[in-house]
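To start, the structure under review is shown below, and the notes come after it.
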Amino acid sequence: MTNTANEAPTGDLFFDTSDLDRKQTEKFVSETLNGCDDGELFLEFTQSENLSFDDGQLKSANFNTQQGFGLRAVAGEATGFAHSNELSPEALKRAGDSITSVRSGHTGTRSDHPPSTNRTLYTNRNPVDAARFEEKVALMQDADAYARSLDDSIRQVSISYAGELQAVEIMRTGGFSRAEERPLIRFNVSIMTGKEDRQETGSYGFGGRGTYEELISPDKWQFAVREALRQSEIAMQSVPAPAGEMDVVLGPGWPGILLHEAIGHGLEGDFNRKGTSAFAGLMGEKIAADGVTVVDDGTLENRRGSLSFDDEGTPTSSTTLIENGILTGFMQDRLNARLMGVPATGNGRRQSFAHMPMPRMTNTYMLNGDLEHDEIISSVKNGLYAVSFGGGQVDITSGQFVFSCTEAYMIEDGKITAPVKGATIIGNGADALTRISMIGNNMELDPGIGTCGKQGQGVPVGVGQPTLRLDKITVGGTAA
């Protein structure tokens, strides 16, 4: 297989291994989608593996392959969609028959095809085949042994590895075709330490789109082990978190997940076209504090959320969503962009061939300010320093959010002091943007672990930000 963004994989993967004929399929797509505003045939083949190692032994090893197609026809706001895991002319015909009612009596104008791109943002090497199974098991054994050599208080070490290669081809009318292969790797370590009757857990993961050799190097997995142990040891020292309204400092990197959830979904095209986002109708208006600039960028090499082109064939881009506090853009797929009269931004994404595309984030992050991290910390008399987040809930329409901190500390008289346990950040996304009073110069991206859910679909994403100070945020705590 090759990774040329405008050509089918070597050996014509979807046609040499099935009963489909390329010329006949091109003809079928053109005839079936004739008279529609938009639509495509999305072909997919994915090979994946998941290994888990626990208590010194391999607990599970799962290998999976899936293939299939999704056929979509769009006329106005109406969409017809059918999918199958059978790659055959008969399955295509059944799918075509089931969606033809969408175009009945429709006289719309076909949308232009996406522009071409020769850009490739990642290798085409298959993470599943890049190393032998025995090597991956040995890696997990080494990581387990390394962890246990660091601290006698370790009670449990859990390690997981996931790798996949997704091959896709997108076909449109008139012989349009775009294909590529997308690798994805994730490695995670979780460590439980204990003393007497107390035990705590820390975890750290990393990943991205790249080769096994690039991403699973000794320095990276050893760092992951040490970081998981550090978080567990910090948790062992933690005290119940206080509750109330206070100044909150968010650390760089992964805390950008709050930005992603609290405001990112509200800046996707579908919610704004339908008027259900808290930001609907505010284009060009000031919605955030001065200095706040947020972008969604799917063009970063080897990043987890990056794509050479989205799942509709549109090249990804760097889209400025907020510039110096002003709302300047939304993330768009083709359907919502056409209905809103704006260009598609390359944010049409789907979980698999069995799902329809919709506007989704790629790598969403806030740009740097000009302040030093220590300067921001020292500005807070009494507050919370949040380093890492776990689960959270967001209501897209109202913007209300609740996020749990997995690593946080008190700030007292401008100094980071005791670690706290059980802290939650509570607020409203639109309101939180106006409460940003200080922006650091240390922007980091997350280590490559994000997965975003929307309407039952999960896709890999990236987040990031510099150190931020937010004034008077509600913090939920566990202190009596």
Ignoring hydrogens and angles, state whether a donor on the side chain of Glu180 or Tyr122 is under 3.5 Å from an acceptor on the partner side chain.
yes
Taking only Lys NZ, Arg NE, NH1 and NH2, and the carboxylate oxygens of Asp or Glu, determine whether Arg72 and Glu312 approach each other closer than 4.0 Å.
yes
Can a side-chain donor-acceptor contact be found between Arg303 and Asn363 if the only test is distance below 3.5 angstrom?
no
Derivation of the side chain to side chain donor-acceptor pair (under 3.5 Å) call for Thr364 and His260:
CA-CA 6 Å; Thr364 311; His260 167 103; 4.6 Å; no
Closest non-hydrogen contact found for Gln455 with Asp270 is NE2-OD2, 4.2 Å
Can a salt bridge be assigned to the pair Lys136 and Glu49 using a cut-off of 4.0 Å between side-chain N and carboxylate O?
yes
Modelled atom types, side-chain donor and acceptor of Ser88 and Asp19, under 3.5 Å
no
Which heavy atom of Val74 sits nearest a heavy atom of Leu335, and at what distance?
CG1-CD1, 3.7 Å
Taking atom types as modelled, is there a side-chain donor on Ser153 or Thr193 under 3.5 Å from an acceptor on the other?
no
Can you confirm whether more than 12 heavy atoms, excluding those of Asp152, are under 6.0 Å from its CG atom?
no
Check ion pair Arg22-Asp12 (N to O, under 4.0 angstrom):
yes
Residue pair Thr319 / Ser317, side-chain donor-acceptor N/O under 3.5 Å:
yes
Among Lys421, Gln231, Gln237, which residue satisfies the side-chain hydrogen bond (donor to acceptor under 3.5 Å, both in side chains) criterion with Glu200?
Lys421
Assess, by modelled atom type and distance only, whether the side chains of Thr46 and Arg182 contain a donor and an acceptor separated by less than 3.5 Å.
no
May I ask you to check whether Thr65 and Gln67 show a side-chain donor-acceptor distance below 3.5 Å?
no
Checking ring-ring contact (aromatic ring centres under 6.0 Å, His included) for the pair Tyr161/Phe187: CA distance, chi angles, key distance, verdict?
CA-CA 5 Å; Tyr161 167 81; Phe187 184 86; 7.1 Å; no
Answer with yes or no whether the side chains of Ser52 and Ser60 bring together a donor and an acceptor at under 3.5 Å.
yes
What I want to check is whether the side chains of Arg226 and Tyr146 have a donor and an acceptor closer together than 3.5 Å.
yes
How about His265 and Phe401: are their ring centroids closer than 6.0 Å?
no
Testing the 3.5 Å rule here: is there a donor-acceptor pair between the side chains of Ser306 and Glu301?
no
Between Gln156 and Asp54, is any side-chain donor less than 3.5 angstrom from a side-chain acceptor?
yes
Under the ring-ring contact (aromatic ring centres under 6.0 Å, His included) criterion, do Phe223 and Tyr204 qualify, and how do the steps go?
CA-CA 9 Å; Phe223 176 81; Tyr204 186 83; 5.4 Å; yes
Between Arg230 and Glu227, is there a side-chain N and carboxylate O pair less than 4.0 Å apart?
yes
Which atom names give the shortest non-hydrogen contact between Gly346 and Thr316, and what distance separates them?
O-CG2, 3.5 Å
Before accepting this row, confirm whether a basic side-chain N of the pair Arg350/Asp333 lies closer than 4.0 Å to the acidic partner's carboxylate O.
no
